[in-house]
Enquirer: 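A single structure is presented below for examination.
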Amino acid sequence: MKQVSLIPRLLASLLLILLALSACQEQAPDLNKKERDPRLIGLWVGSEAQGLSSARVEFRPDGVLLGGDYFPGGKRKKLFYTEGGRRLSVFVYGSGIKVSNWTHDFYYKVEDGRLFLWSSEQEMLSGQYGSADTFVREGR
């Protein structure tokens with residue numbers, strides 16, 4: 001008798017755990033409602049001077065971000081969107097469990113065919129180009 005009553009309790013506990021995990025997941029952004037700066041669209045190659053020459057990043061018009069070794073998350077699928085012409089958000093899909101989805105924010109400027117990326121808004125606003133990672137648009 002005791003074994004029979006234990007199974008429903010285990011199932012109920014498992015159901016509660018799954019509900020709790022799904023409630024705290026980060027959802028993929030609805031890209032139809034997000035801004036994507038058209039100046040970013042295309043293929044960018046990292047600066048040789050900064051040792052980023054193997055870094056290749058492609059921003060696609062549909063919001064997909066390819067060339068994931070530069071951005072956190074490795075080879076996982078990524079989406080991007082921008083806000084205010086200076087903040088770049090990179091959404092990284094998790095590795096199986098949706099709880100591991102994550103969004104990383106960067107700050108950027110596009111000038112003369114170059115893309116400057118900072119991890120700090122303050123560094124970007126104060127024009128600290130020495131602390132920015134620099135990419136050049138492919139074909140320039």
Side-chain angles (χ1 to χ4, degrees):
M1 270 305 189
K2 289 186 179 182
Q3 284 184 327
V4 174
S5 65
L6 183 63
I7 292 174
R9 287 183 185 171
L10 286 174
L11 289 174
S13 297
L14 181 61
L15 181 61
L16 286 174
I17 290 170
L18 290 175
L19 284 173
L21 287 176
S22 67
C24 62
Q25 72 186 358
E26 184 170 344
Q27 297 289 328
D30 181 357
L31 293 179
N32 292 323
K33 298 178 183 175
K34 297 290 186 180
E35 170 187 338
R36 286 185 300 282
D37 189 336
R39 299 175 302 162
L40 292 177
I41 305 302
L43 181 62
W44 299 85
V45 179
S47 166
E48 288 182 32
Q50 293 177 315
L52 294 172
S53 59
S54 65
R56 300 173 71 80
V57 177
E58 183 179 358
F59 296 94
R60 292 194 170 173
D62 61 359
V64 171
L65 175 60
L66 299 177
D69 287 343
Y70 174 78
F71 293 103
K75 302 286 184 192
R76 294 185 186 127
K77 183 178 178 184
K78 297 175 185 67
L79 303 175
F80 79 95
Y81 57 94
T82 59
E83 292 180 25
R86 67 181 191 196
R87 187 168 97 187
L88 168 66
S89 295
V90 176
F91 178 85
V92 181
Y93 282 93
S95 57
I97 345 177
K98 294 180 181 177
V99 175
S100 61
N101 293 344
W102 202 256
T103 301
H104 302 274
D105 288 328
F106 299 87
Y107 298 89
Y108 72 96
K109 284 186 181 179
V110 178
E111 297 176 353
D112 300 323
R114 291 180 296 169
L115 169 63
F116 300 95
L117 289 175
W118 290 270
S119 57
S120 158
E121 183 178 24
Q122 186 59 37
E123 288 177 346
M124 189 240 355
L125 291 173
S126 62
Q128 295 180 24
Y129 288 90
S131 65
D133 287 339
T134 306
F135 291 80
V136 178
R137 188 179 293 279
E138 179 79 359
R140 282 197 163 217

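Everything numeric here is computed off the predicted structure, so don't read it as measured data.
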Enquirer: Starting from L65, can I reach F135 by hopping between I/L/V/M/F/W/Y residues whose side chains sit under 4.5 Å apart?
Expert: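 The answer is yes; both residues are in one hydrophobic cluster.
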
Enquirer: State yes or no: do F116 and V57 share one hydrophobic cluster built from I, L, V, M, F, W and Y residues joined by side-chain heavy-atom distances below 4.5 Å, directly or via other members?
Expert: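 As far as the 4.5 Å side-chain criterion goes, V57 and F116 are not connected within one cluster.
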
Enquirer: Shortest non-hydrogen contact from E123 to S131?
Expert: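 Closest pair (atom of E123, atom of S131, distance): OE1-OG, 3.4 Å.
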
Enquirer: Atom CZ in F91, atom NZ in K77: separation rounded to 0.5 Å?
Expert: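 If we round to the nearest 0.5 Å, F91:CZ and K77:NZ are 9.5 Å apart.
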
Enquirer: Please give me the minimum heavy-atom distance between R87 and S89, naming the atom from each residue.
Expert: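 Scanning both residues, the minimum pair turns out to be NE-OG, 3.7 Å.
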
Enquirer: Mind checking whether T82 and F59 have side chains closer than 4.5 Å, heavy atoms only?
Expert: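 No, their side chains stay 4.5 Å or more apart.
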
Enquirer: Assigning hydrophobic clusters by single linkage (Ile, Leu, Val, Met, Phe, Trp, Tyr; side-chain heavy-atom cutoff under 4.5 Å), is V90 placed with L40?
Expert: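 Same cluster.
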
Enquirer: How far does CZ of R86 sit from OH of Y108, to the nearest 0.5 angstrom?
Expert: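 Separation between the atoms: 10.5 Å.
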
Enquirer: Would you say D105 and E121 make side-chain contact, with heavy atoms under 4.5 Å?
Expert: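 No, every pair of side-chain atoms sits at 4.5 Å or beyond.
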
Enquirer: Any side-chain heavy-atom pair from E58 and E138 closer than 4.5 angstrom?
Expert: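 SC-SC contact between E58 and E138 ruled out.
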
Enquirer: For the backbone of F80 and the side chain of R36, can you confirm whether one donor and one acceptor N or O come within less than 3.5 Å of each other?
Expert: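 No, R36 side chain to F80 backbone: no donor-acceptor pair under 3.5 Å.
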
Enquirer: Should Y107 and L125 be counted in the same cluster of Ile, Leu, Val, Met, Phe, Trp and Tyr side chains packed under 4.5 Å apart?
Expert: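 Same cluster: Y107 reaches L125 through Ile, Leu, Val, Met, Phe, Trp or Tyr contacts under 4.5 Å.
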
Enquirer: Going hydrophobic residue to hydrophobic residue with side-chain gaps under 4.5 angstrom, can you get from Y129 over to W44?
Expert: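 No: no chain of side-chain contacts under 4.5 Å links Y129 to W44.
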
Enquirer: List in chain and number order the residues that pass ring-ring contact (aromatic ring centres under 6.0 Å, His included) with F106, two or more places apart in sequence or in another chain; answer none if no residue qualifies.
Expert: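 Once residues adjacent in sequence are excluded, the partners of F106 under the ring-ring contact (aromatic ring centres under 6.0 Å, His included) criterion are F71.
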
Enquirer: Is a salt bridge present between D62 and R60, judged by a nitrogen-to-oxygen distance below 4.0 Å?
Expert: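 Judged by the 4.0 Å cut-off on N to carboxylate O distance, D62 and R60 do not form a salt bridge.
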
Enquirer: Between atom CG of L115 and atom CG of L88, what is the distance when rounded to the nearest 0.5 Å?
Expert: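 It comes to 8.0 Å.
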
Enquirer: Taking the side chain as everything from C-beta on, heavy atoms only, tell me whether L79 gets closer than 4.5 Å to V64.
Expert: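 When only atoms from C-beta onward are counted, V64 and L79 do touch, with a gap below 4.5 Å.
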
Enquirer: Side chains of W118 and K109: closer than 4.5 Å at any heavy-atom pair?
Expert: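 Answer yes - side chains close enough.
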
Enquirer: So how far is it from D112 CG to R137 CZ, rounded to the nearest 0.5 Å?
Expert: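 Here the rounded value is 12.0 Å.
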
Enquirer: Taking atom types as modelled, is there a side-chain donor on S120 or Q122 under 3.5 Å from an acceptor on the other?
Expert: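 Their side chains do not contain a donor-acceptor pair, so the 3.5 Å distance test is not met.
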
